[in-house]
Amino acid sequence: MFQLHYQTIRPLTTAHLAQTMTLLSLTSEELRQQIESELASNPALELVEERRCPMCHRLLPPRGVCPVCSRPSNEASPEEPIVFVSPRDDFYTHGDRTADDYPDEGVSTIADDLPTYVLRQVAPELGSEQRKIAAYLLTHLDEDGLLTTSLIEVARYFHKPLSSVEAIQKIIQHAEPVGVGSTSPQEALLVQLEVLSESRFVPGLAEKLIREAMDQLSRHQYAEMARMFGVSQTQVQQVVRFISENLYPFPGRSHWGDVRQPANEALEVYRQPDVIISYMDNDPKNPLIVEVILPLAGTLRINPLFRGAIQQASDEKKDAWKSDLERASLFVKCMQQRNHTMLRLMQRLVGLQRSYITHGEKHLIPFTRAQLSRELEVHESTISRAVSNKTVQLPNRRIIPLSSFFDRSLNVRTVLREMIASESTPLSDSELAEMLAEKGFSVARRTVAKYRAMEGILPAHLRDISSVRA
DNA sequence: CTATGGCACGGATT
DNA sequence: AATCCGTGCCATAG
């Protein structure tokens, strides 16, 4: 509401427009590279030194005040999220901690390695003693994300009871990628299964297979497994399919067996979020804090000395410098424009989808990019660019793609999941379709089948047997 | 005969 | 213009 007046003042040149568009579609990571190269090649641009808020230690814009701590409490409705651009070079998941709280951290590397990535997730939950143990555990991961030491050794090394090390391992295992820090593929699978079962239906047979028939499972001995558990071979195959589609034994890789994992997928997992949403003071009653990440320890501006210097420069230099100056000012404007758009976007989105963020997928309101573009009075493609390839970290530390805010069917799928999870006798797709219609979601029978498939839920006739039998 | 999955079409979305 | 998504129709499995 404050920093936005420039917006329509100056006629937008095509260059301006084009560059803003480009910047908008960049993720925080790419943005940082862009800024750095611009900074290196243009003397007129400078990065002003960081200032931190004395209260919460956030990085501040050059003249601004802290948007969180200085927020006027009287006109504050807890519904309205606090949205602001947050320059931060640290990227730690909670703004109220400083880099000093984290051991062994180098300067912010953008593409984290696995241990760093995990440590950042778990650090906020741990005391400094525990953090040391966590860091130690994480330095003993192999490339598959599995532990190379035994917990007992670690406990001995730190002179701690085994149980306390186990507790820390458990926290690590529940971080992304789920199952990391397990001592075996089997353990990793079990953790993933447990996590998965919180949100979806999982066949009861799956756990038994992993727990008791790991050998046969990895050798695809369906007949053998069917015999062991007294079920049909097709059932085993279905469950194995479920396992191979939803679980992965080597958390460090993203999928089964193959080492040739595509680079982009790895990037997807380890990427820093572009937006971080959290509760103020970590209290769910407080308003949401939405930080649009600006991956720098300071703020960009045009070097005021450069302006002066230009006057005294010799003629031949003058021209070159002038163009530098123009480029720099264009760049700064584009950055502002980008941030401005991101802010408006998130403001609206978080305001609308608050219950999705706080109460889960069931409460996602179906919303399209087109609608949003109309409300914000920008072109549809602007929204598309701003949304694509970006990720958001929710208060529960999950990192999800920003595009999931526009998932047309996520809420229906979630309700469907719950219905199936709480069914007493397995319901057929057409029955499910009817029930959904009663709840206000009218979807075709065929669509129910598709949603089921998306959620990895088995068809009715295979559902009951495996879970009842357990 | 019923429940599901495959294919393909048309409209919406990007 | 390209892509995604919900749906209807039909073949197939149980």
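The chains referred to below are lettered A, B, ... by the order of the sequence lines, with proteins before strands, and numbering in each begins at 1. Quick caveat, the model's predicted, so the values are computed rather than measured.
Among the heavy atoms of the strands, none lies under 4.0 Å from A:S388.
Between the side chains of A:Y279 and A:T358, not a single donor N or O lies within less than 3.5 Å of an accepting N or O. Using modelled atom types and a 3.5 Å distance limit, the side chains of A:Q347 and A:E80 yield a donor-acceptor pair.
For the pair A:R413 and A:E361, the salt-bridge criterion is not met [side-chain N within less than 4.0 Å of a carboxylate O].
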Quiz: residues 17-24 of chain A side-chain donor-acceptor pairs under 3.5 angstrom, not counting sequence neighbours:
unit_1	atom_1	unit_2	atom_2	d
A:T20	OG1	A:H16	O	2.7
A:T22	OG1	A:A18	O	2.7

Do nucleotides 4-14 of chain B as a string where each nucleotide becomes B, S or -: B if the base has a protein heavy atom under 4.0 Å, S if just the sugar-phosphate does, - if no protein is that close.
BBBBB----SB

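Counting only distance, with no hydrogens or angles, the side chain of A:Q186 and the backbone of A:I210 share a donor-acceptor pair below 3.5 Å.
Applying the side-chain contact (heavy atoms from CB on, under 4.5 Å) criterion to A:S388, with sequence neighbours excluded, gives no partner residue. Shown here are the side-chain contact (heavy atoms from CB on, under 4.5 Å) partners of A:S323, two or more places apart in sequence or in another chain: there are none.
Taking 4.0 Å as the cutoff to heavy atoms of chain A, we find the contact window on DNA chain C bounded by C:dC5 to C:dC9.
Residue pairs meeting the salt bridge (Lys or Arg N to Asp or Glu O under 4.0 Å) criterion with at least one member in residues 424-439 of chain A, sequence neighbours excluded, are A:D429-A:R452.
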